[in-house]
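All remarks here apply to the structure that follows.
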Amino acid sequence: MAAWRGARPLPHSISSMRTAQVIRQTAETRIAVELDLDGSGVSKLATGIGFFDHMLDQIARHGLVDLAVHAEGDLHIDGHHTVEDVGITIGQALAKALGDKKGVRRYGHAYVPLDEALSRVVVDFSGRPGLVWHVPFARAMIGQFDVDLAHEFFQGLVNHAFITLHVDNLRGENAHHQCETVFKAFGRALRAAAEIDPRMGSVIPSTKGSL
């Protein structure tokens with residue numbers, strides 16, 4: 001990927017048609033994203049927020065999505081603008097990579113446990129942005145990461161990917177575990193929904209004929 005200086009292309013970015021590169025620049029952030037929906041879970045992440053990089057890696061690995069994210073943001077204020085804008089940019093990349101959504105399964109869901117924590121994520125490539133979020137974090141901070149930013153990330157993502165997303169943390173006592181199960185489950189649900197259904201052919205999975 002040449003979206004930022006010194007970056008190297010992800011290994012699957014040439015072989016797949018379902019790829020996208022997006023750059024978003026504002027007065028607060030500069031974000032570059034490369035996405036390959038048919039990858040092998042390779043990630044190249046540099047957001048300046050270690051825990052956030054860890055969470056994005058869960059999406060890549062469990063979604064079998066190749067993902068490169070480089071972010072430069074006003075972290076001297078806090079992580080809000082950076083995390084939200086990364087969500088927006090990944091959402092834009094998802095929408096671009098999915099294209100007209102012909103042949104995809106459209107729906108995906110996953111339950112993911114981590115020790116005492118369990119989360120469920122359900123996704124629909126509906127063409128309508130919507131987020132339903134029920135994650136009662138056990139504490140407000142995970143290291144230097146404000147847990148409210150997890151919601152902001154997914155809100156930005158669904159608004160610009162035009163997907164419907166339901167996120168429920170069913171149980172958990174450790175905030176790190178709660179957050180990690182959410183991101184892992186999202187990766188798994190995304191993988192299921194984005195998978196090409198050989199029985200679908202080139203049909204758009206909607207009675208309306210478009211998504």
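Nearest heavy-atom pair across Ala189 and Ala110 is N-CB, 3.9 Å. Considering all non-hydrogen atoms of both residues, Val121 and Ala185 come closest at CG2-CB, 3.6 Å. Residue Val86 comes nearest to Ala71 through the heavy atom pair CG2-CB, 4.0 Å, listed as atom of the first residue, atom of the second, then distance. The shortest non-hydrogen separation linking Lys96 to Gln21 is NZ-O, 3.4 Å. Here the closest non-hydrogen pair linking Ala93 and Ala20 is O-CB, 3.3 Å. Counting all heavy atoms, side chain and backbone alike, Leu56 lies closest to Thr47 at CD1-CG2, 3.9 Å.
Atom CZ of Arg24 sits in a crowded spot, with more than 12 heavy atoms from other residues, nucleotides or ligands closer than 6.0 Å. Annotation: Glu28, atom CD; neighbour count of heavy atoms from other residues, nucleotides and ligands within 6.0 Å is above 12.
Of the possible donor and acceptor atoms, one in the side chain of Glu116 sits under 3.5 Å from a partner among the backbone N and O of Glu173. Looking only at distances, no side-chain donor or acceptor of Glu84 sits under 3.5 Å from a matching main-chain atom of Gly156. Of the possible polar contacts, one joining the Asn169 side chain to the Arg171 backbone as a donor-acceptor pair under 3.5 Å is found. A donor-acceptor contact shorter than 3.5 Å is absent between the side chain of Gln58 and the backbone of Gly187. Proximity of a side-chain donor or acceptor of Asp168 to a complementary backbone N or O of Leu170 within less than 3.5 Å is not detected. Without hydrogens or angle criteria, Arg139 side chain to Met141 main chain gives a donor-acceptor distance under 3.5 Å. The backbone N or O of Ile77 lies less than 3.5 Å from no partner atom in the side chain of Asp74, so there is not a single donor-acceptor pair. A donor-acceptor pair is defined here as one N or O able to donate and one able to accept, closer than 3.5 Å; no such pair exists between the side chain of Thr82 and the backbone of Thr29.
In the hydrophobic clustering of ILVMFWY residues, with side-chain heavy atoms under 4.5 Å counting as a link, Ile59 and Tyr107 come out apart. In the hydrophobic clustering of ILVMFWY residues, with side-chain heavy atoms under 4.5 Å counting as a link, Val135 and Met55 come out together. In the hydrophobic clustering of this structure, Leu45 groups with Leu149; members are Ile, Leu, Val, Met, Phe, Trp, Tyr whose side-chain heavy atoms approach within less than 4.5 Å, directly or through other members. Grouping the Ile, Leu, Val, Met, Phe, Trp and Tyr side chains by contacts below 4.5 angstrom, directly or via other members, places Leu165 apart from Val112. Residues Val147 and Ile49 share a single hydrophobic cluster, defined by chaining ILVMFWY side chains whose heavy atoms lie under 4.5 Å apart.
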**OP:** Apply the test side-chain contact (heavy atoms from CB on, under 4.5 Å) to residues Phe154 and Val182: give CA-CA distance (whole Å), side-chain angles for both, the deciding distance (0.1 Å), then the verdict.
**Re:** CA-CA 10 Å; Phe154 283 108; Val182 165; 3.8 Å; yes

**OP:** May I have the step-by-step check of side-chain contact (heavy atoms from CB on, under 4.5 Å) for Lys184 and Ser119, ending in yes or no?
**Re:** CA-CA 9 Å; Lys184 285 178 175 177; Ser119 291; over 6 Å; no

**OP:** Mind running side-chain contact (heavy atoms from CB on, under 4.5 Å) on Ile163 and Leu157 for me, showing each step along the way?
**Re:** CA-CA 8 Å; Ile163 65 176; Leu157 188 152; 3.8 Å; yes

Original post:
Going through the distances and angles, do His109 and Val123 end up as a side-chain contact (heavy atoms from CB on, under 4.5 Å)?
Top reply: CA-CA 6 Å; His109 73 276; Val123 64; over 6 Å; no

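For the atom pair CD of Glu152 and CG of Asp85, the computed distance is 11.0 Å after rounding to the nearest 0.5 Å. The distance from atom CD of Gln25 to atom CD of Glu72, rounded to the nearest 0.5 Å, is 8.5 Å. The line from CZ of Phe52 to CG of Asp57 is 12.0 Å long, rounded to the nearest 0.5 Å. Taking CZ from Arg30 and CD1 from Ile23, the interatomic distance works out to 5.0 Å, rounded to the nearest 0.5 Å. A distance of 13.0 Å separates NE2 of His62 from CG of Leu190, quoted to the nearest 0.5 Å. We find the CD1-NE2 distance between Ile142 and His177 to be 10.0 Å, quoted to the nearest 0.5 Å.
The shortest distance between side-chain heavy atoms of Asp146 and Asp78 does not fall below 4.5 Å. Within the 4.5 Å cutoff, no side-chain heavy atoms of Glu34 are placed close to those of Lys44. Within the 4.5 Å cutoff, side-chain heavy atoms of Ser40 are placed close to those of Asp66. Between Leu67 and Val33 there is a side-chain heavy-atom pair separated by less than 4.5 Å. Contact annotation: the side chain of Val104 approaches that of Pro205 to within less than 4.5 Å [non-hydrogen atoms, C-beta and beyond]. Leu131 is listed as a side-chain neighbour of His151, based on a closest heavy-atom distance under 4.5 Å. Looking at heavy atoms from C-beta onward, Arg106 lies out of side-chain contact with Lys101 at the 4.5 angstrom threshold. Two residues are said to be in side-chain contact when any heavy atoms from C-beta on lie closer than 4.5 Å; Arg18 and Ile196 meet this criterion.
Aromatic ring centroids of Phe51 and His176 lie under 6.0 Å apart. For Phe153 and Phe186, the distance between ring centers is not under 6.0 angstrom.
Applying the side chain to side chain contact (heavy atoms under 4.5 Å, CB included) test between Thr89 and each of Leu35, Leu94, Ile31 identifies Ile31 as the sole match.
Ring geometry, Trp133 versus Phe137: the interplanar angle falls from 30° to 60°, so the pair is classed tilted.
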